[in-house]
Amino acid sequence: MDPLKQKFGEKANALRTKMKAMLKVHGADKVDEVTIKQVFGGMRGVKSMVWETSQLDPNDGIRFRGLSIPELREKLPKAPGGKEPLPEALFWLMLVGEVPTDEQVKWLTEQWVSRSIVPDHTYKVLDAMPTDTHPMTQLTTAISSMGTSSVFARRYAEGMNKSEYWDATYEDTMNLIARLPRVASYIYRRTYHNSEHIGPEISLDWGANFAHMLGVEGDDFKEFMRLYLTIHADHEGGNASAHTTHLVGSTLSDAYNSLSAGMGALAGPLHGLANQEVIKWIFRMLDTLGTRTPSKDQIKEYVNNTLAAGQVIPGYGHAVLRQPDPRFTAQKRFAEEYIADSEIINVVWNCFEVVPPILKGLGKVKNPWPNVDAHSGAILVHYGMSHYSFYTVLFGVSRAMGVLSAMCWSRALGMPLERPKSVTCEWVTNYLEAQKKNEATLN
Ligand code: CMX
């Protein structure tokens, strides 16, 4: 048995036993109450699922197994000579709740290399699609197409015992994550580089090899990819891509179907697609203003025009966060350290000063601060990746690590089919009238 699977199995067994006992005693205790505003308002804040791999605080931001992003940078193993955390190390941490050793990370990198062969038919499926198909559509299709090799689907069909669900899901998780950089770089090269593909360099770590297959050379970009793939991996369970993956997985659909669905959620402009929308919005602003170096006053006017046109400012706001996103701050820190001077990054930094007071002034935006998507595009443009329609695929490759490690936990803890209750508008009206009558009777 592999050491990570063994560790996970032990931890999962212990937690499952503990939670079963807890549920027996406390199953009927209340943790929350739901308001009508929440029923109509996207279930904001309703505590209704378990997600082991990370937790989001509105002010402090994301913590992966208790560690903040600066702490990840300090504590997780790095590539030789590197300063940014290795995404493999984060996966290990999310899955078993322990910071791995250098040796353990090396083992995981090698595992993913050995599992990275993509089925031939997936390349054929991709090649059958027009090259102007949005890269996220290509990604979801490619992921679904790899479902032919699902260990979970095969073993379920053979009559697998419930107690083995997590084991088969672990196998799918490892295979799927191992293959994603190959699939994603294939999509990138076929879409923007005349299908001139670049083979893997198996001596490299997962993130650096991905950078290599994309065709962007240089140690700094490799470091950026390691950081990028680490900080985008997870944002607790309620965000749309995580929740979708979880919901679909709760039907015992395999990891391929579940992740493909989750990537469909990530492809929405209010979620992951915002990373392409940010740079598109900035490019349009520069074109409209006829300058690469707009003043703060010019940016202010453009922001006001965007709002007046009934559009959102992409990269700003968040359903949970109420402070600048630490994932934004981590990318800003990277740019300050590695990129001396860049016009496009300066625009992002000027927006950081200009946009929040304007959004605050609207009086309705709960979080006027930048989120993760406000910064990434400018760094990618700096390194020569200006095809912004691809950006959400990068987000997706990273997000797979969080949602799939969480899926292993859902299977290990025996999470059932998700089935919340819906109501009609008429039901709500009748409910309120009944409440009123009750109150009148009591008075
Ligand atoms: N620009 C303009 N208006 C904004 C805004 C922004 N960046 N953020 C919120 N608002 C508006 C909302 O559209 C809403 O307006 P209406 O009442 O007229 O419908 C109002 O402010 C209240 O919204 P909220 O409670 O502050 O925010 P929500 O939780 O409803 O939505 C989010 C959160 C992210 C969808 C929203 O802030 C937004 O649309 N941001 C821009 C898109 C974006 O960057 N998304 C990426 C998020 C991170 C990620 O998932 O990758």
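First listed ligand is number 1; within each ligand, the first listed atom is number 1.
With sequence neighbours left out, the ring pair (Phe, Tyr, Trp, His ring centres under 6.0 Å) criterion links Phe210 to no other residue. For Trp409, the ring pair (Phe, Tyr, Trp, His ring centres under 6.0 Å) criterion is met by Phe8, not counting sequence neighbours.
Distance check: Thr392 OG1 to His232 NE2 gives 9.5 Å after rounding to the nearest 0.5 Å.
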Enumerate donor-acceptor pairs with a distance under 3.5 Å from any side-chain N or O in residues 286-294 to protein atoms, sequence neighbours excluded.
{"from": "Thr288", "atom 1": "OG1", "to": "Arg284", "atom 2": "O", "distance (Å)": "2.6"}
{"from": "Thr291", "atom 1": "OG1", "to": "Thr293", "atom 2": "N", "distance (Å)": "2.9"}
{"from": "Thr291", "atom 1": "OG1", "to": "Thr293", "atom 2": "OG1", "distance (Å)": "3.3"}

List of N/O pairs, ligand 1 versus protein, all under 3.5 Å?
{"from": "ligand 1", "atom 1": "1 (N)", "to": "Ile313", "atom 2": "N", "distance (Å)": "2.9"}
{"from": "ligand 1", "atom 1": "7 (N)", "to": "Ile313", "atom 2": "O", "distance (Å)": "2.9"}
{"from": "ligand 1", "atom 1": "7 (N)", "to": "Tyr316", "atom 2": "O", "distance (Å)": "2.8"}
{"from": "ligand 1", "atom 1": "15 (O)", "to": "Lys364", "atom 2": "NZ", "distance (Å)": "3.4"}
{"from": "ligand 1", "atom 1": "18 (O)", "to": "Lys364", "atom 2": "NZ", "distance (Å)": "2.8"}
{"from": "ligand 1", "atom 1": "25 (O)", "to": "Lys366", "atom 2": "NZ", "distance (Å)": "2.7"}
{"from": "ligand 1", "atom 1": "26 (O)", "to": "Lys366", "atom 2": "N", "distance (Å)": "2.8"}
{"from": "ligand 1", "atom 1": "29 (O)", "to": "Arg44", "atom 2": "NE", "distance (Å)": "3.1"}
{"from": "ligand 1", "atom 1": "29 (O)", "to": "Arg44", "atom 2": "NH2", "distance (Å)": "3.1"}
{"from": "ligand 1", "atom 1": "30 (O)", "to": "Arg44", "atom 2": "NH2", "distance (Å)": "3.3"}
{"from": "ligand 1", "atom 1": "40 (N)", "to": "Tyr316", "atom 2": "O", "distance (Å)": "2.8"}
{"from": "ligand 1", "atom 1": "44 (O)", "to": "Gly315", "atom 2": "N", "distance (Å)": "2.8"}
{"from": "ligand 1", "atom 1": "44 (O)", "to": "Asn371", "atom 2": "ND2", "distance (Å)": "3.0"}
{"from": "ligand 1", "atom 1": "45 (N)", "to": "Leu270", "atom 2": "O", "distance (Å)": "2.9"}
{"from": "ligand 1", "atom 1": "50 (O)", "to": "His271", "atom 2": "ND1", "distance (Å)": "2.6"}
{"from": "ligand 1", "atom 1": "51 (O)", "to": "His271", "atom 2": "O", "distance (Å)": "3.3"}
{"from": "ligand 1", "atom 1": "51 (O)", "to": "Asp373", "atom 2": "OD2", "distance (Å)": "2.5"}

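In this structure the side chain of Arg73 reaches within 4.5 angstrom of the side chain of Glu84, judged on heavy atoms. Put simply, the side chain of Ile344 reaches to within 4.5 Å of the side chain of Ile279, judged on heavy atoms.
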